[in-house]
Participant: 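Structure incoming, see below.
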Number of protein chains: 2
Amino acid sequence: MTENTELLTMFKALADANRLKIVGLLAGQPYSVEELAALLGLKASTVSHHLARLVKVGLVNARAEGYYSVYQLDKSALETMSRSLFSPEKITSTAEDVDLDAYDHKVVADYTRRDGSLKTIPAQRKKLDAVLRHVVQAFETGKHYNEKRVNEILSAYHEDTASLRRELVGAGLMKRERDGSAYWRAE
Amino acid sequence: MTENTELLTMFKALADANRLKIVGLLAGQPYSVEELAALLGLKASTVSHHLARLVKVGLVNARAEGYYSVYQLDKSALETMSRSLFSPEKITSTAEDVDLDAYDHKVVADYTRRDGSLKTIPAQRKKLDAVLRHVVQAFETGKHYNEKRVNEILSAYHEDTASLRRELVGAGLMKRERDGSAYWRAE
DNA sequence: ACTTTATTTTGATAAGTATCGAATTAAATT
DNA sequence: AATTTAATTCGATACTTATCAAAATAAAGT
C-alpha cells in the first residue's frame, strides 16, 4: 500500500455526484463555498467538507479573497492525473500487495486433513496442480530417490501413491530416468 | 443527467480497494471467481458482486470455461476511458444540470421580505449585483422612464431609492441621458 | 438422471459516509 | 474593540454499500 492508496483516494474523491458537479463547475470558473452551496442546494458545511476532500487529492486549491475563500480547479493536476491514473504501472500496482500464493494455500488447506494427508486427490486440473506443487516440497531438490522411497514419502499424503507419482511427473514437477530407476525433483 | 452518470458509475466502480485489486490482478492475467476470492481473502459471493459492477461499466468481461467463468480485463476499454474520462467535455458535463441562477435566487430570497421589499441593500459586491439583477426586472426593456417614475418603482424595494438608482446605473444594468432626464433598462 | 462444483442471487448485517445543524474560528468592516 | 459574515469543525443522523451466509442456478462429469 505505497501509492495505490493514492489511486483509491483519488477515485473515492470523484465517486460522489456532488463532488463531481463541483469539479465540473470549477472547470468553468472559480467559486466560493457559499456560491457552490447555493448552486448545488447544499449547506455550506457540506460543501466545505467536499472541497476539503478535493483539496486533499490535489484537484482543487483555495485562495482567500475578501470575505471569501475562493476555490479553483488545478487543471494541470487534472491533466497529469488523466495521463497517469490508468497507466499499466499504476493499474498493476493496485494488486502488488496481494499474496499470489493465496489460491494454492487455500486449495491445499481445503484438501488436507490436520495430519497433512489428503482427503482426496483433486479431479480438477487447477486444484490438482496446486496440491502437487505442495506435495513436491516433500522432496529435496538435487537428491535422487528410488521408486520405493518415493512411494513411502507419498503415502503420507494419499494411499494412491501411484497416481500421485504419475501426476507429479506428468506435471513436470518431478523427473525420472527412462528406465524408472530414479526420481528427482525438478528445479 | 445524460452521460455524466456514466462518469459517476465509473468512478464509483473503481472507488473500492478490492475492486481496484481485482482490476490490477486481471491486468496480469484472467482469473476465475474462486481464484480471485482466495487471492483477496473474500467470499466468492462478494467477489461475484464486485465483478458484476466492473462488468456493468465495461471494464471486464467473462467467458465460460469448463466449471469456471473466467473474467478478464478489457484493456481497450481501459485505454478508451483513460483518454476520455478527464476530457474537458466530460468534466464540464458533470455540472450541466446545475441551475446557474440558483445563487442569485438564493441571495434575492435572503434579502427580500414576503412583500418583495428589501430588508437591506447588500453591502457586498456579489450580493448587491445579484439583487440589482433582480430589481432591474421591474423595468421593461426599450421603455424610457423619468427620474420620478424610476423612484416610484424602486420605492417598492427600498426607501433609499437614490442609492438603488445609482447602483443600477453603476452596474450598467440601467442607462440614462447625460442630463438625467431619462432612464431605461440596458439590453 | 444424479452428484459435485462454481457461480449468482437474495437477505441481513455491519461499516462507511453524505448531510445537516450548532458551535467555533477567521476575516473584514464599522 | 465590536459586529457582521464566511468558512470550518464537530456531533448526530440517515443513507449507502461492502460483506457474508444461505438458497437458488448453472454446468460438467459420473
Participant: On a heavy-atom basis, which atom in A:I121 and which in A:L128 lie closest, and how many Å separate them?
Facilitator: CG2-CD1, 3.7 Å
Participant: Give one of base, sugar-phosphate or nothing for A:S69, where a contact means two heavy atoms less than 4.0 Å apart.
Facilitator: sugar-phosphate
Participant: Should the ring pair A:H134 and A:Y157 be called parallel, tilted or perpendicular, given that the plane angle runs from 0 to 90° and is split at 30 and 60?
Facilitator: perpendicular
Participant: Take the protein atom CD of B:E34 and the nucleotide atom P of D:dA27, then report the distance between them rounded to whole Å.
Facilitator: 17 Å
Participant: Measure NZ/B:K119 against P/D:dT4 and give the value in whole Å, please.
Facilitator: 15 Å
Participant: Do the charged groups of B:E79 and B:K75 touch, with an N to O distance under 4.0 Å?
Facilitator: no
Participant: Closest to the A:K127 side chain: C:dT5, C:dC20, C:dT8?
Facilitator: C:dT5
Participant: Are side-chain heavy atoms of B:F139 and B:L154 found at a separation under 4.5 Å?
Facilitator: yes
Participant: Taking atom C1' of D:dT19 as reference, at what distance in whole Å does atom CG of B:L36 sit?
Facilitator: 16 Å
Participant: In this structure, how many angstroms lie between the P atom of D:dA18 and the CG atom of B:L20, rounded?
Facilitator: 12 Å
Participant: For B:Y31 and C:dA6, give me the distance from atom OH to atom P, rounded to whole Å.
Facilitator: 17 Å
Participant: Take the protein atom CG of A:D110 and the nucleotide atom C1' of C:dT5, then report the distance between them rounded to whole Å.
Facilitator: 12 Å
Participant: Taking atom types as modelled, find out whether A:R165 and A:T161 have a side-chain donor-acceptor pair closer than 3.5 angstrom.
Facilitator: no
Participant: When you check the phosphate oxygens OP1 and OP2 of D:dT25, does a side-chain N or O of B:Y67 lie under 4.0 Å from one of them?
Facilitator: no
Participant: Check this one for me: any side-chain N or O of B:T46 less than 4.0 Å away from OP1 or OP2 of D:dA18?
Facilitator: no
Participant: Would you indicate, yes or no, if D:dT17 has its OP1 or OP2 atom less than 4.0 angstrom from a side-chain nitrogen or oxygen of B:K12?
Facilitator: yes
Participant: What parts of residues 47-56 of chain A reach DNA chain C, counting only heavy atoms under 4.0 Å away?
Facilitator: A:H49, A:H50, A:R53
Participant: DNA chain C: B:V33 or A:A15, which has the more 5' nearest nucleotide?
Facilitator: B:V33
Participant: Rounded to whole angstrom units, what separation is found between the OH atom of A:Y68 and the C1' atom of C:dT29?
Facilitator: 13 Å
Participant: Measuring only between side-chain heavy atoms, which start at C-beta, is A:T9 closer than 4.5 Å to A:R53?
Facilitator: no
Participant: Could you tell me the separation between the CG atom of B:L42 and the C1' atom of D:dT19, rounded to a whole number of Å?
Facilitator: 8 Å
Participant: Check whether A:Y68 forms a cation-pi arrangement with B:K126 (NZ or CZ under 6.0 Å from the six-membered ring centre, at most 45° off the ring normal).
Facilitator: yes
Participant: Can a side chain N or O of A:Q124 be found less than 4.0 Å away from OP1 or OP2 on D:dA28?
Facilitator: no
